[in-house]
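All of these numbers come straight from a predicted model, not from anything done at the bench. Numbering of residues begins at 1 and proceeds along the displayed sequence. Quick note: numbers below take in every heavy atom, side chains included, and nothing from hydrogens, waters or symmetry partners.
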Amino acid sequence: MRSLPILLFLVAAATARGSPPPVFVELESPRKSYFVGEPAPITLRLGLDRGFLETNLVPLFGRELDVQVQIEAPGTEGLPGLELLPGSPDPEGAPRRSLVLNAEVTWARLAEDRVVAGRPFVVFELTRHLLPTRSGEVTIPGPVVRYAHATRFAEDFITGRRPLDRREELEKGDPLRLRLLELPREGRPPGFAGAVGEFAIEARAEPTVLERGEILRLTLEIEGKGNRARFPPPRLHDLPGFHLYGMIDDEKAPVRTVVYELAPVGEGVEAIPAIPFTFFDPGPPAAYRVVKTRPIPLAVRSGSAPPAARPPESEER
């Protein structure tokens, strides 16, 4: 195992030879173009030379952090056509480390190491989704990382390891350019309401044995990747043979859930028919698609009178 002075000498010598800096920061997206309404995943990636991280990086702040750096990454202010979506898509259970992003402590997941110029770099990533709201070209400015480092240290009985030649540095990443595309007009179905992504839809009802005019609850679950909370749910106000009292739309759930209050009022109602849902799939290949729920059989006993009016407490929400 190399001693500390030798390791410090090697890091300083490599820097003097013009090798890559011990820190990098970058923005990346899987594609260069996205459709309006299609969430665009943007990954902010930070890399630190492993030896530099373990030996030379010194605290930038007074508070305890796993990675003592500060990253300045632009938001969507001043970026026409892009909106930052809330939440983080990082997988549960992924190893995470704390650092400072735009003056706030946040968590970055630990990614696979990267080798740069023969040197191993520890890599940290944050992924967020930006929603294109209009077509055009947009440039996301490159992020900047600030960090402090030293090559000489002294051992202090009270404060422990103390840097003697502490310096602060900045590294800047390249900007990210994206093309935002209009949804095609050709082939757009009449029932399209703005859903963009890849979706599946399921339905269930309770009860399925009831009197004519009795209320049942029809639950639609819309699952998939896309702008799941940015389009109106299917409208069932004209569902043949049924009266719609109202609905509750939980658009913020991981699986969007819409609960309708319906009552069979027509003669001979035997099922809730298949409910279509139209969306634009960015692909490839990109295309409008229509999926449908399965019909739900009902046993409707006759004899009850149809509802005269919508009860005030169950107005459409």
Side-chain angles (χ1 to χ4, degrees), residues 36-39 83 85-87 89 92 129 131 133 183 188-282 287-317:
V36 171
E38 177 191 5
E83 177 183 340
L85 294 176
E92 293 185 10
H129 282 92
L131 185 71
T133 57
L183 296 179
R188 183 180 300 183
F192 178 68
V196 180
E198 186 176 357
F199 298 100
I201 184 171
E202 292 187 1
R204 63 180 184 273
E206 186 180 355
T208 57
V209 179
L210 69 167
E211 300 283 344
R212 187 166 66 97
E214 183 182 347
I215 291 177
L216 63 82
R217 286 176 172 79
L218 172 67
T219 301
L220 291 186
E221 291 184 342
I222 304 171
E223 186 173 11
K225 297 180 179 180
N227 60 342
R228 194 170 49 239
R230 297 304 180 102
F231 52 83
R235 300 184 65 192
L236 304 185
H237 63 286
D238 56 355
L239 195 65
F242 289 87
H243 178 84
L244 174 65
Y245 281 104
M247 71 175 183
I248 298 175
D249 183 5
D250 188 1
E251 61 185 25
K252 295 182 180 180
V255 176
R256 185 171 179 179
T257 304
V258 188
V259 180
Y260 301 85
E261 291 181 338
L262 294 170
V265 296
E267 296 287 347
V269 173
E270 297 181 347
I272 298 174
I275 298 170
F277 177 71
T278 304
F279 61 93
F280 178 76
D281 183 355
Y288 290 98
R289 308 190 190 281
V290 179
V291 293
K292 295 182 178 181
T293 64
R294 294 180 180 179
I296 302 175
L298 297 178
V300 181
R301 295 187 290 264
S302 61
S304 298
R310 175 183 297 175
E313 67 273 13
S314 60
E315 291 181 355
E316 187 171 334
R317 294 176 287 277

Heavy-atom pair with the smallest gap, counting every atom of [X] and [Y]:
{"X": "Val291", "Y": "Phe199", "value": "CG1-O, 4.4 Å"}
{"X": "Arg212", "Y": "Ser302", "value": "CB-CA, 4.4 Å"}
{"X": "Gly241", "Y": "Val269", "value": "O-CG2, 3.6 Å"}

With heavy-atom distances below 4.5 Å as the criterion, would you say the side chains of [X] and [Y] are in contact?
{"X": "Phe231", "Y": "Val196", "answer": "no"}
{"X": "Arg256", "Y": "Leu220", "answer": "no"}
{"X": "Leu244", "Y": "Glu261", "answer": "no"}
{"X": "Pro264", "Y": "Leu210", "answer": "yes"}
{"X": "Pro297", "Y": "Thr208", "answer": "no"}

Stepwise, does the side chain to side chain contact (heavy atoms under 4.5 Å, CB included) test hold for Val258 with Thr219? CA-CA 6 Å; Val258 188; Thr219 301; over 6 Å; no
Give every donor-acceptor pair under 3.5 Å between a side-chain atom in residues 271-282 and any protein atom, sequence neighbours left out.
from: Asp281; atom 1: OD1; to: Gly283; atom 2: N; distance (Å): 2.9
from: Asp281; atom 1: OD2; to: Arg289; atom 2: NE; distance (Å): 2.9

Restricting to pairs with a member in residues 194-209, which pass salt bridge (Lys or Arg N to Asp or Glu O under 4.0 Å), not counting sequence neighbours?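 Found Arg204-Glu221.
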Side chain to side chain contact (heavy atoms under 4.5 Å, CB included) evaluation trace for Glu223 with Ile201: CA-CA 6 Å; Glu223 186 173 11; Ile201 184 171; over 6 Å; no
Test of understanding: with salt bridge (charged side-chain N to carboxylate O under 4.0 Å, His left out), list the residues that count as partners of Arg228, not counting sequence neighbours.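 Counting only residues at least two positions away or on another chain, Arg228 forms no salt bridge (charged side-chain N to carboxylate O under 4.0 Å, His left out).
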Results of salt bridge (charged side-chain N to carboxylate O under 4.0 Å, His left out) for Arg294 - residues two or more places apart only: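 Result, salt bridge (charged side-chain N to carboxylate O under 4.0 Å, His left out) vs Arg294: none returned.
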Let me see the working for Ile215 and Leu262 under side chain to side chain contact (heavy atoms under 4.5 Å, CB included), right down to the final yes or no. CA-CA 5 Å; Ile215 291 177; Leu262 294 170; over 6 Å; no
Of all residues at least two apart in sequence or in a different chain, which pass the side chain to side chain donor-acceptor pair (under 3.5 Å) check with Glu251?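 So Glu251 forms no side chain to side chain donor-acceptor pair (under 3.5 Å) with any residue.
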For the backbone of Leu131 and the side chain of Thr133, can you confirm whether one donor and one acceptor N or O come within less than 3.5 Å of each other?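 Looks like no, no N/O pair under 3.5 Å.
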Check for a donor-acceptor pair, side chain of Asn227 on one end and backbone N or O of Val36 on the other, with a separation under 3.5 Å. no
Any residue meeting ring-ring contact (aromatic ring centres under 6.0 Å, His included) with Phe242, in chain and number order, not counting sequence neighbours: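 Residues passing ring-ring contact (aromatic ring centres under 6.0 Å, His included) with Phe242: none at all.
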Nearest 0.5 Å, please: how far is [atom2] in [Y] from [atom1] in [X]?
{"X": "Met247", "Y": "Arg235", "atom1": "CE", "atom2": "CZ", "answer": "8.5 Å"}
{"X": "His237", "Y": "Tyr260", "atom1": "NE2", "atom2": "OH", "answer": "11.0 Å"}
{"X": "Ile296", "Y": "Leu218", "atom1": "CD1", "atom2": "CG", "answer": "5.5 Å"}

For side chain to side chain contact (heavy atoms under 4.5 Å, CB included), just list the numbers for Leu183 and Phe192, CA-CA rounded to whole Å, side-chain angles, deciding distance to a tenth of an Å, and then say yes or no. CA-CA 11 Å; Leu183 296 179; Phe192 178 68; 3.8 Å; yes
Looking at Arg230, His129, Lys225, which one forms a side-chain contact (heavy atoms from CB on, under 4.5 Å) with Pro39?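 So the option named by the test is His129.
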